[in-house]
Amino acid sequence: MRVRMAPSPTGPLHIGTARTSLYNLLAARHAGGTFVLRIEDTDVARSTPEFERDIIDGLHWLGITWDEGPQVAGGTDIGPHAPYRQSLRLELYAREAGRLLASGAAYRCWCTPEELEAVRRAQEAAREPPRYNRRCLSLTDADVAAFTAEGRRAAIRFKVPAERIGFDDIVRGEVEFDNALLGDFVIVRNDGVPLYHFVVVIDDEEMGITHVIRGEDHLSNTPKHIALIRALGYREPRFGHIPLILNQDRSKMSKRKSQTAIAAYREDGYLPEALVNFLAFLGWSPGTEEELFTLDELADRFEIGAVHRGGAIFDRDRLDHLNGVYIRALTDTQLALRLRPWVPAAVDDAGLLAIVPLVRERLVRLGDVVGLAGFLWEPDAVVSSWYSPDLLRPRNGGPEAAETALAGTIATLSAMAPAEFAADEIEHRIRTAAETAGVKAGDFFTPIRVAITGRTVSPPLFASLELLGRDRSLARLADARARLATSGAR
RNA sequence: GCCCCCAUCGUCUAGAGGCCUAGGACGCCACCCUUUCAAGGUGGAGAUCACCGGUUCGAAUCCGGUUGGGGGCACCA
């Protein structure tokens, strides 16, 4: 089995492209086959090296690797069919176009976009299906001479045979189309650039692709490809069309309605292993009730033929849950390493490792560490700016209750030696202070929490105090007390 | 408009004629735990298997139609 993924570098790596790549990889691995990556960059106007890099980096990040193809953006291609970038294979396409022209399976077309548009409008008005009227199929030498003299350049159209085309789709079963309903489509633009439907067929043949696994949006294109394959005398691969990933409204997932760039998920702090697991289950299931798998385990059980036929909505809540599960499964050291990109360098590795236990149960995404533990590295003034003094007041109590807690805690912490400043000891003493003041523990803690973390929701309070340190804690408590007094005067 | 594909809780799905008074997970609700928030535990609501008609002793599972949804019909990929 030889499968391939052929992304087009006309945009960043899309979540759908990532899943199709994953399914191809899984199918190849499961069958002990070969996975090829080919860059579909014939659209020179829209393709960029930056997008190519984004795609390759994103795939690597997900752990999706290929046996043949460009390994690095701009790097050397690896494999017996190199190059794997279509922009480098132009002579091959030109030669095949020549064969089609010579056999009469294709013909030159001199129509201008305006002429084509006019014909299309006329057909619409007459309620006819919009398709090319074959004007250029029966041109006289004089017509051609006139167009040439005019400076027109010809595109090449494939003369679609009027026949029914059926095939046995790996995921959908028997499907049949009537190519008589198709217009003769352009395979080479008038500037000489070959088009998708044409090059995809040539490359798949030349690269020995045996199974074409792609999105359902290509199902209707398949009869075009089969017609081309027959006209060129190629071997017909098996086709398998996997269901689309959908927006909330069940339309094809798009940038407009969903977050589609893999890089964005990476930046939010989703774990690649969580994303892979999630993507694999969007449209497939091993049929058991286990749901946590590594890439290797997925490859072991994946059956391309067992893929569902219906599209699946991208459920962010489910991804979030899965990501949390994967985060919690990490060791402290592993999690610290993953968190590094979101934590400033001023927090050293030991400091970061100390933060991990405070946040691990609370992280949905790695990036959430900033909101959860930022109070530890942000300046006091910044943290102070996060809250308004009235948030210092506990649920059951007014400003005076806040003042009592703040003052009591300042006295308590001031009396502690640096060596004693550990979570357990801090908790013991503050609880005692609360009892002495006759205030319920929870109400006593709220003002402290806000003063220290700047928020009403935070990691466990006493460990937070310990990590912040006695002096900075005292400074924040004093600041809170001062702000409370000022606001209370109003 | 034409062609094609699809259809089980809100969502992802298990289910390949009797094991289904339809199972799991996410989300939601309640309770427990608890210094907040999470995490964790327990319980709960939630699907007449889109609808109609067949086949069969028996259908979520097979067949046909209807409806609904989606995709494709470019000198984009």
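Keep in mind that the numbers below use all heavy atoms, side chains included, and drop hydrogens, waters and symmetry copies. Order of the sequence lines fixes the chain letters, A, B, ..., with proteins taken first and strands second; residue numbering starts at 1 for each chain.
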Per A:Leu116 side chain, nearest of listed nucleotides B:U35, B:C75, B:A77 = B:C75

query = Roughly how many Å is it from CD in A:Glu361 to P in B:U35, rounded to a whole number?
reply = 16 Å

request  = For A:Asp217, report the nucleic acid contact type (base, sugar-phosphate, nothing); a contact means any heavy atom under 4.0 Å.
outcome  = sugar-phosphate

key: Out of B:A38, B:C73, B:U36, whichever nucleotide has its closest atom nearest the side chain of A:Pro460   = B:U36

request  = Would you kindly check if the NZ (Lys) or CZ (Arg) of A:Arg214 is within the cone defined by 45 degrees around the ring axis of A:Phe239 and under 6.0 Å from the six-membered ring centre?
outcome  = no

key: N or O in side chain of A:Arg157 less than 4.0 angstrom from B:C75 OP1/OP2   = yes

inquiry  = With a 4.0 Å cutoff (strictly under), does any side-chain N or O of A:Lys440 reach OP1 or OP2 of B:U35?
reply    = no

Proximity to the side chain of A:Arg328 - top-ranked nucleotide from B:C26, B:A39, B:G71 = B:A39

message = Whole angstroms only, please: what is the CZ-C1' distance between A:Arg214 and B:G71?
response = 13 Å

ask   = How close or far is atom C1' of B:A77 from atom CG of A:Asp204, stated in whole angstroms?
value = 14 Å

ask   = Under 4.5 Å between any side-chain heavy atoms of A:Trp342 and A:Asp368, yes or no?
value = no

ask   = To the nearest angstrom, how far is A:Leu392 atom CG from B:U36 atom C1'?
value = 14 Å

query = Hey, what's the ring geometry for A:Phe302 with A:Trp284, parallel, tilted or perpendicular (30° and 60° as the breaks)?
reply = tilted

key: Pair A:Asp168 + A:Arg238: basic N to acidic O under 4.0 Å   = yes

query = So what does A:Phe185 hit on the nucleic acid, given a heavy-atom distance under 4.0 Å: a base, only sugar-phosphate, or nothing?
reply = nothing

remark   = Using Watson-Crick geometry (N1-N3 plus N6-O4 or O6-N4) or G-U wobble (N1-O2, O6-N3), each under 3.5 Å, B:A7 is paired with B:U67

inquiry  = For A:Tyr326 and A:Asn277, which I'm curious about, is there any donor-acceptor pair between the side chains at under 3.5 Å?
reply    = yes

message = Need one value for A:Asn221: base, sugar-phosphate or nothing, where a base atom within 4.0 Å counts as base even if backbone is also close, heavy atoms only.
response = base

key: Partner nucleotide of B:G27 by Watson-Crick or wobble geometry (both distances under 3.5 Å)   = none

request  = Check every strand shown and say whether A:Leu461 touches a base, only sugar-phosphate, or nothing at a heavy-atom separation below 4.0 Å.
outcome  = base

request  = Nearest whole angstrom, please: distance from the P of B:A77 to the NE2 of A:His197.
outcome  = 8 Å

For B:A45, the Watson-Crick or wobble partner whose two distances fall under 3.5 Å = none

inquiry  = Heavy-atom nearest nucleotide on RNA chain B for A:Trp110 versus A:Arg449: which residue maps closer to 5'?
reply    = A:Arg449

message = What's the gap between B:C51 and B:G69 when it is taken at their C1' atoms, as a whole Å value?
response = 15 Å

task = Give A:Arg431 one of three labels, base, sugar-phosphate or nothing, depending on what nucleic acid heavy atoms sit under 4.0 Å from its own.
result = base

message = Rounded to whole Å, how long is the line connecting atom CE of A:Met5 with atom C1' of B:A77?
response = 10 Å

Atom P, compared across B:G72 and B:G27: separation rounded to whole Å = 32 Å

Whole-Å P distance, B:G15 and B:C19 = 15 Å

remark   = Between CG of A:Leu372 and C1' of B:U36 the distance, given in whole Å, is 12 Å

ask   = Expressed as a whole number of Å, how far does the C1' atom of B:A45 sit from that of B:G71?
value = 36 Å

ask   = Do the side chains of A:Met253 and A:Leu246 get nearer than 4.5 Å, heavy atoms only?
value = no

task = Indicate, with a heavy-atom threshold strictly under 4.0 Å, whether A:Arg131 touches base, sugar-phosphate, or nothing.
result = nothing

query = With no hydrogens and no angle check, do the side chains of A:Asn133 and A:Gln123 hold a donor and an acceptor under 3.5 Å apart?
reply = no

key: Between B:U8 and B:A60 - C1' atom distance, rounded Å   = 7 Å

query = For A:Arg164, does the CZ atom have more than 12 heavy-atom neighbours from other residues, nucleotides or ligands under 6.0 Å away?
reply = yes

note = When rounded to whole Å, the NE2 to C1' distance for the pair A:His241 and B:A77 reads 13 Å

request  = Using a 4.0 Å cut-off on protein heavy atoms (strictly under), produce a 5'-to-3' string for nucleotides 1-16 of chain B with B for base contact, S for backbone-only sugar-phosphate contact, and - for none.
outcome  = B-SSSS----BBSS--

remark   = Under a 3.5 Å limit on both distances, the Watson-Crick or wobble mate of B:U36 is none

message = Give me the distance, rounded to whole Å, that separates B:G24 from B:C9 when you measure between the P atoms they each carry.
response = 16 Å

ask   = Base, sugar-phosphate alone, or nothing: which one does A:Thr42 contact when heavy atoms must sit under 4.0 Å apart?
value = sugar-phosphate

ask   = So which of A:Arg230, A:His225, A:Lys224 actually passes side-chain contact (heavy atoms from CB on, under 4.5 Å) with A:Ile165?
value = A:Arg230

request  = Sticking with atom P, work out how far B:U66 lies from B:C5, rounded to a whole angstrom.
outcome  = 14 Å

ask   = Given side chains that start at C-beta, do those of A:Val193 and A:Val188 come closer than 4.5 Å, heavy atoms only?
value = no

query = What interatomic distance, in whole Å, is found between P of B:G46 and the corresponding atom of B:C2?
reply = 42 Å

key: Complement of B:A60, any strand, by Watson-Crick or G-U distances under 3.5 angstrom   = none

